[in-house]
Amino acid sequence: MSNLSKIKTEIENYAGKSSLTEMQIVQKLENHYFNKKVNENLKLYKKGKKKVSDITKDLKISPRKFYAILEKKKIEHKKYKKNK
């Protein structure tokens, strides 16, 4: 058996034991690993080792969404004002 088929059977077994569907389990796993990746990048951002553009490319999100994450976690960042 390949590793992917092992994961599939584990998800199916877990879905059978719990009240969740396979899709709900996959979404929870996706959220977990996305948050884990965000936290790793936030540590580097706080230290000044990684720029916003690099983080947004890595996470495949928009800068606006990244700044929303920063505000939600109450992390200081520069706010740029565009003059018209």
Side-chain angles (χ1 to χ4, degrees):
M1 282 178 35
S2 69
N3 289 335
L4 186 58
S5 62
K6 288 179 185 177
I7 293 170
K8 287 179 186 177
T9 56
E10 286 295 322
I11 290 174
E12 289 170 359
N13 290 339
Y14 184 77
K17 294 176 185 175
S18 70
S19 62
L20 301 172
T21 65
E22 287 92 354
M23 284 302 294
Q24 289 172 326
I25 294 168
V26 171
Q27 287 173 344
K28 286 186 182 251
L29 286 171
E30 182 180 4
N31 289 338
H32 170 74
Y33 285 108
F34 178 76
N35 289 334
K36 186 177 178 182
K37 190 78 167 172
V38 166
N39 289 334
E40 290 172 4
N41 283 311
L42 285 177
K43 287 178 186 175
L44 294 173
Y45 176 77
K46 285 180 188 176
K47 293 178 182 177
K49 294 185 179 182
K50 204 164 187 183
K51 295 181 180 180
V52 174
S53 61
D54 296 332
I55 294 171
T56 55
K57 284 179 188 175
D58 191 27
L59 297 175
K60 297 177 182 145
I61 58 173
S62 68
R64 183 176 289 183
K65 189 171 182 179
F66 180 70
Y67 285 120
I69 291 170
L70 289 176
E71 288 180 11
K72 184 179 177 184
K73 296 196 178 232
K74 298 178 182 172
I75 296 174
E76 258 186 63
H77 62 281
K78 291 182 182 178
K79 293 184 180 181
Y80 297 101
K81 294 182 181 178
K82 293 184 178 180
N83 294 331
K84 291 185 178 181

Trainee: Identify, with sequence neighbours excluded, every residue that meets side-chain hydrogen bond (donor to acceptor under 3.5 Å, both in side chains) alongside Asp54.
Mentor: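 In terms of side-chain hydrogen bond (donor to acceptor under 3.5 Å, both in side chains), with neighbours along the sequence ignored, Asp54 is linked to no residue.
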Trainee: Run the ring-ring contact (aromatic ring centres under 6.0 Å, His included) test against Tyr67 and tell me which residues pass, sequence neighbours left out.
Mentor: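 Here the qualifying residues are His77.
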Trainee: Under a 4.5 Å cut-off applied to non-hydrogen side-chain atoms, are Ile75 and Ile69 in contact?
Mentor: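 No. Closest side-chain heavy atoms not under 4.5 Å.
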Trainee: Atom NZ in Lys47, atom NZ in Lys43: separation rounded to 0.5 Å?
Mentor: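 That separation rounds to 8.0 Å.
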Trainee: With the 4.5 Å side-chain cut-off for hydrophobic clustering, are Leu44 and Val52 part of the same group?
Mentor: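 No; tracing contacts between hydrophobic side chains, which count when under 4.5 Å, never links both residues.
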Trainee: Which value, rounded to the nearest 0.5 Å, describes the distance between Phe66 atom CZ and Ile55 atom CD1?
Mentor: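 Answer for the CZ-CD1 pair, Phe66 versus Ile55, is 4.0 Å.
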Trainee: side-chain hydrogen bond (donor to acceptor under 3.5 Å, both in side chains) with Asn13: which residues, sequence neighbours excluded?
Mentor: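 Result, side-chain hydrogen bond (donor to acceptor under 3.5 Å, both in side chains) vs Asn13: none returned.
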Trainee: Please identify each residue that fulfils side-chain hydrogen bond (donor to acceptor under 3.5 Å, both in side chains) with Lys50, with sequence neighbours left out.
Mentor: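 By the side-chain hydrogen bond (donor to acceptor under 3.5 Å, both in side chains) rule, Lys50 matches Asn41, Asp58.
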Trainee: Taking distance alone, no hydrogens or angles, what donor-acceptor pairs closer than 3.5 Å link side-chain atoms of residues 27-38 to residues at least two apart or in another chain?
Mentor:
residue : atom : partner : partner atom : Å
Asn31   : ND2  : Gln27   : O            : 3.4
Asn35   : ND2  : Asn31   : O            : 3.2

Trainee: With sequence neighbours excluded, what pairs up with Lys49 under the side-chain hydrogen bond (donor to acceptor under 3.5 Å, both in side chains) test?
Mentor: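 Not a single residue meets the side-chain hydrogen bond (donor to acceptor under 3.5 Å, both in side chains) criterion with Lys49.
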Trainee: Step by step, would you call Lys73 with Asn39 a side chain to side chain contact (heavy atoms under 4.5 Å, CB included)?
Mentor: CA-CA 10 Å; Lys73 296 196 178 232; Asn39 289 334; 3.0 Å; yes
Trainee: Please report the interatomic distance OG(Ser2) to NZ(Lys8), rounded to the nearest 0.5 Å.
Mentor: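 Atom-to-atom, Ser2:OG and Lys8:NZ are 7.5 Å apart.
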Trainee: Specify the closest pair of heavy atoms between Thr21 and Ala15, including all atoms of both residues, with the distance to one decimal.
Mentor: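 Closest approach of Thr21 to Ala15, heavy atoms only: C-CB, 4.4 Å.
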